[in-house]
Amino acid sequence: MEASISAAASVSVLAMAVIFAVLVILIFTIQALVKLMPYKAPPPAPPRLQTAASENSDQDDHVAAITATLAMHMGKSPSEFRIVNISQR
Amino acid sequence: MEASISAAASVSVLAMAVIFAVLVILIFTIQALVKLMPYKAPPPAPPRLQTAASENSDQDDHVAAITATLAMHMGKSPSEFRIVNISQR
Amino acid sequence: MEASISAAASVSVLAMAVIFAVLVILIFTIQALVKLMPYKAPPPAPPRLQTAASENSDQDDHVAAITATLAMHMGKSPSEFRIVNISQR
Amino acid sequence: MEFSFGASATKIITTTGFSSLEGGDAIMLVVACILLYLAIWKKFEPLLLLPIGFGCLLANIPMSMMASTDTGGLLNFFYQGVKHEILPPLVFMGVGALTDFGPLLANPATLLLGAAAQIGVYVTLIGAVYLGFNMHEASAIGIIGGADGPTSIFIASKLAPHLLAPIAVAAYSYMSLVPLIQPPIMKFLTTEKERKIKMEQLQPISQTVKIVFPVVVTIVCCLMLPGVTPLLGMLMLGNLFRESGVTARLHETAETHLINIVTILLALAVGSSMTADSFLRIETLKIIVLGLLAFSIATAGGVIFGKIMCKMTGGRVNPLIGSAGVSAVPMAARVSQKVGSDADSSNFLLMHAMGPNVAGVIGSAVAAGVFISLFGDTVAPETHAAIADVIGTVEPGAKAAISQVVEALKH
Amino acid sequence: MEFSFGASATKIITTTGFSSLEGGDAIMLVVACILLYLAIWKKFEPLLLLPIGFGCLLANIPMSMMASTDTGGLLNFFYQGVKHEILPPLVFMGVGALTDFGPLLANPATLLLGAAAQIGVYVTLIGAVYLGFNMHEASAIGIIGGADGPTSIFIASKLAPHLLAPIAVAAYSYMSLVPLIQPPIMKFLTTEKERKIKMEQLQPISQTVKIVFPVVVTIVCCLMLPGVTPLLGMLMLGNLFRESGVTARLHETAETHLINIVTILLALAVGSSMTADSFLRIETLKIIVLGLLAFSIATAGGVIFGKIMCKMTGGRVNPLIGSAGVSAVPMAARVSQKVGSDADSSNFLLMHAMGPNVAGVIGSAVAAGVFISLFGDTVAPETHAAIADVIGTVEPGAKAAISQVVEALKH
Amino acid sequence: MEFSFGASATKIITTTGFSSLEGGDAIMLVVACILLYLAIWKKFEPLLLLPIGFGCLLANIPMSMMASTDTGGLLNFFYQGVKHEILPPLVFMGVGALTDFGPLLANPATLLLGAAAQIGVYVTLIGAVYLGFNMHEASAIGIIGGADGPTSIFIASKLAPHLLAPIAVAAYSYMSLVPLIQPPIMKFLTTEKERKIKMEQLQPISQTVKIVFPVVVTIVCCLMLPGVTPLLGMLMLGNLFRESGVTARLHETAETHLINIVTILLALAVGSSMTADSFLRIETLKIIVLGLLAFSIATAGGVIFGKIMCKMTGGRVNPLIGSAGVSAVPMAARVSQKVGSDADSSNFLLMHAMGPNVAGVIGSAVAAGVFISLFGDTVAPETHAAIADVIGTVEPGAKAAISQVVEALKH
Ligand code: NA
Ligand code: NA
Ligand code: NA
């Protein structure tokens, strides 16, 4: 029993060491990746909610997405119906 | 042949008896369950269709549900679009 | 080598012949099918977009389809909500 | 091997299906096309009969290796799922996920109608024995009267696998014919006055009862008839996914894509067992006749017991809901509704008929359990053989090794 | 065979489950109902514990042939997917498809918290050895502290299959109890001031890093600990489906219907291994106690390492996010959020805790890899035996053939 | 076994993948990363090449037991589905469910373009024999020119399983490169005037014809070439699910989650066969060169036959639609559209090119059928050996038993 507990203890110490070693390597790798491939802010979106026109064009995307979704469900062509009145928050 | 038909007949009588026995036990069990755990009417819903406000709050639920559904399909955040004009029947 | 290339060549000629034979049979079969079961134009749809009434009845179909779709997603009965404002293009 | 032009051409010609197309194969191809026609244009249970018919088509193309008996073939692989009774319970899980037992719980006495309709099973059993089938075969044929596809396939593959194809086809075909078979019997057995009986609205049922119900059914029925556990247990698990309210993900999968995938595999496997050898026999005709008998007697049994309940309750039960006890959900319930509203257009029996309708599913599962209790273990040796079949391909290797040993020892 | 009325009745009575229901079975049926109760009404990981409980119910109906050990039975078939370590990696693929590693990438140092929480695994390992388990069993029990269901099932089926049932049940139960187990430990180990620490907003991460990450983790970790490849590799494949942006179809299937189907099969299989023989043992009690120890120590390990990180960063890390290092995604992160906002209602730790939370998944996979490196090959013979079991049904045939040879040679 | 710190540390170090990483493994890891790069950033058939690349990555981590040849490993399990020709037909069912044969039915003569493009298969076959491959291998390589992934995998696993990996990778890679490979060939072989030819609008097709078509194709083609039934039959079943209008549930599952699940398993299995041993060979280079040849000749064959049809119809067929006969649906049809509208921006060839495009799928399935008719049965012994492989794990047991017998007999 004594012997096996001491074996368990040495396995435990070793295992924790391996885990920390592996994860520390991973940390350095991630830091290298983040440095190599930094986040680039996307080009500023055209101003929204300013003019009715821009809002509409934006809404069109959403309407298109919903239309496509519903079209899929209805088994009909997206050109067959039109959704209006989904306004941007 | 005679013998096997009489065997089939006795199997049939026995089987019908077992089926009725099992299902009668089930009937009593269900009746006990229904008695033990009676249906409780849900608390009366706030009056609807009376005022614009209450209807709206109710509609909000539906709009939220639809919004979430569509958001899932569109892969966009529910906060990005708004559905209006789903009116309660 | 010579021998196997000539074998490959004869296999190739044969195979192309079989492919053309099979597909020619298929062509004749299709032509027979198309002749036997010709396309019939569906009865002309009731004139649309002419009167509000006809448009509405048409829209009702789409609303019903969308309603059913959403009802399925919302786990609610289609009778519980109503969609309006999906206008025909 | 030679690849001269002539030799190759001969090879291709001798390996066409035409070269070994026999009369039986040709007839089965026609049978397959008839099934497809019924499925597509007559809407006979198309979700099952279309892939069954197509499986039959593939299986009967000579040398295609698509029959259920062609070891190593694609449909033989799917067929293992039928043979080892894996696919029918999975279909039943989906059925459970699709079933609302509420109307049954609101009127539990309708379980008796689901029991009464099983008389069709046993009259048919006796008839089948009379026509020369043995007891195992007769049981598998009788269960057609249970009007439940997966149960029929499960029992057939357990008790009489050689009759699987005609039994499955008869079961699904007659289920589609319920709107034609039942009304005359229902009208013959009931009076105009009985058909006009309006039933009281069903009491609402608490969600707790709906949740506890599948667990209780599993414990009660499976303890009494353990053989039916794979079928009834999985049915009730699917229903628990539905009613528990905490496993929406699993419920959705069980009632849509999982049941669809399993249905495709199951139906193709059943179709692949429709070979000329197994299908073009006098037994198939007998099974078709017996299946019609089974449905008719089951309908009559349900209606007559409905009349008894009508009498005993002082006219508060419309006997027409009895015919829904055959199962064939939800078609049979709709037939009750239809015949009822034909007598009185303001009579709405649909929800009342849903009780016996789902009771019929439980009823025929219980009937299946009785058969397994009685005959299940006596096929154990056969089942063993079946398992050996599947992985029997290793045997040649082992046998070869053994004969090598023998050879070695001889020297 | 006789089919007289009396003989048949005797047959049915002797084949009811009641006739061979023993005390152990009855207790296990009660245990199954308790699991169902906890799953449905207490919302204990219902997606797993409901089908586990139902599988346990089915397995303990006598003569139902639904235990994991009943060769040829339905749940035995599903159980092969656990035994051969097929289902847990497929679940992990779905988990990867559902996981956003963004918060971890934004603050990679939180991987250390995922490492620190593994101390629960090893303290429990020592405790288990102290309580008399051998090293393989102790490892499988220790991994409960990893708070990761599929990892626990994978390691248990590899190192100690006879303990699979109690380990799986303990792992999922305690995962549900995280909101009860963790807060007192977290509050005991931290000061009010520490709990009020607000953390800086996370930096955004480029999509390219998110795509490269799963590939890098696979290469780095699996090269160092190859045994964990099925688990970690499939986790990362699922994540690559998600982040690559070019496999939307596969991503959607992996995170919905595929993981749901596999979960149903896996949970039923685990439940089917909960038989009286394997579960009603003193070991089960020990495992339940050790599992609680594992979760508690893991929580403490994470929080204490969080305090160290707090010190070393000059107070920029709130130690409460350390407890999320146990995994139990996303429950443990929500607990961090809750305890943090209890101290200061304007403190939002959720996103910060998601880093260590998903790190905990990687951490316990790595811990599993260490166990497989140490003990994995020493069970090779056992595993072999296991495989032989599955297709062992052919052996009788081979043995019969061999004895025929022997007989033949004797003459 | 010893668990001293030193012994354990040694154990962990010797079981890392690094300890047995050889040059070939490292190169294959790089190859895997290149495939992932092409799939994600160059959008080369990402639904296939991403999981193929990831499977390759996993398979080449030493000691991960993830290669297709590692018996008992996870990917070896999926690989059985390729070896036994189960997964490609299931993918084809999904393809059928996704395919609209309408444009082909509206202009059935375009089937000839699908036939003409098969010339690429046979020129490549001759080239492969010239480069030293045997006839079976040459057939499997030639079918790359069919531009159809599942067909290529099906034929490779049947006729030359050792070449599966390079053939599958070449097939999917060149399918992605169709927009680069085809236009120069198309422009070289056609005149400006030909490219400007506008085609008449297609006639509408009745739904009945669309329903009958898959049944007729199955009967006609599979009767003539029974070996292709698993592939062509399942393609047509999927299409019947689509067109019949009565199996919407099955259609939806077949074209979404079922094909997705099968694609994941199939692609991982193919990837797992890309080991250094099987892939880093001079044969792979030859196959890559031959694959490019196959695509180019197929394109040329289609265009030249298009020119012939143009002549014979008095200029009513634009030869550019001929190149779509290679299949690679719908990419090749889009290339026809693009090259056509480059010549005259008001020229819309897309729908006209969809006819030969789907004809190409049928054409290469027929070509596959010819190969199976010619060579299919001669590999029967090999296939047998393959099956023995799968369940070969029992052999050691049998062998052990046999040697015990031998030992016993010696005494
Ligand atoms: Na029934
Ligand atoms: Na963890
Ligand atoms: Na092609």
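Owing to the predicted nature of the structure, the values given are computational and were not obtained by experimental measurement. In what follows, chains are A, B, ... by sequence order, proteins preceding strands, each numbered from 1.
Counting non-hydrogen atoms of neighbouring residues, nucleotides and ligands closer than 6.0 angstrom, the CD atom of E:Gln207 exceeds 12 such neighbours. For F:Phe5, the CZ atom is densely surrounded, since the number of other residues' heavy atoms within 6.0 Å is greater than 12.
Annotation: side chain of E:Leu240 is in contact with side chain of F:Leu36 (closest heavy-atom distance under 4.5 Å). Looking at heavy atoms from C-beta onward, E:His257 lies out of side-chain contact with F:Asn260 at the 4.5 angstrom threshold. For the pair E:Phe241/F:Leu50, a side-chain contact is recorded, criterion being any heavy-atom separation below 4.5 Å from C-beta on. The side-chain heavy atoms of E:Glu252 and F:Thr256, taken from C-beta on, include no pair separated by under 4.5 Å. Put simply, the side chain of F:Ile264 reaches to within 4.5 Å of the side chain of E:Leu258, judged on heavy atoms.
Using a 4.5 Å cut-off between heavy atoms, E:Pro89 touches chain F through its side chain atoms alone. Heavy atoms of E:Val212 lying under 4.5 Å from chain F belong exclusively to its side chain. Residue F:Ala39 touches chain E through its backbone alone, counting heavy-atom pairs closer than 4.5 Å. Residue contact with chain E, scored on non-hydrogen atoms closer than 4.5 Å, is absent for F:Ile13. For F:Phe77, the part lying under 4.5 angstrom from a heavy atom of chain E is the side chain only. Residue contact with chain E, scored on non-hydrogen atoms closer than 4.5 Å, involves the backbone and the side chain of F:Ile261 alike. Using a 4.5 Å cut-off between heavy atoms, E:Met236 touches chain F through backbone and side chain atoms alike. Both the backbone and the side chain of F:Ile40 come within less than 4.5 Å of a heavy atom in chain E. With a 4.5 Å cut-off on non-hydrogen atoms, F:Leu74 touches chain E through its side chain but not through its backbone. Contact of F:Met66 with chain E is made through the side chain alone, with heavy-atom distances under 4.5 Å.
Distance check: F:Leu265 CG to E:Leu90 CG gives 7.0 Å after rounding to the nearest 0.5 Å. Here CE of F:Met63 is found 13.0 Å from SG of E:Cys222. Values are rounded to the nearest 0.5 Å. The CD1 atom of E:Ile86 sits 10.5 Å away from atom CG of F:Leu75, with the distance rounded to the nearest 0.5 Å. Note that the SG atom of E:Cys221 and the CD1 atom of F:Ile61 stand 9.5 Å from one another [nearest 0.5 Å].
The choice from E:Val370, E:Thr218, E:Thr253 that makes the most heavy-atom pairs within less than 4.5 Å of chain F is E:Thr253. Between chain F and the residues E:Ile219, E:Leu223, E:Thr229, E:Thr208, the largest count of heavy-atom pairs under 4.5 Å involves E:Leu223.
Nearest heavy-atom pair across E:Thr247 and F:Pro46 is CG2-O, 3.7 Å. Of all the heavy atoms in E:Pro226 and F:Pro62, the pair that sits closest is CB-O, 3.4 Å.
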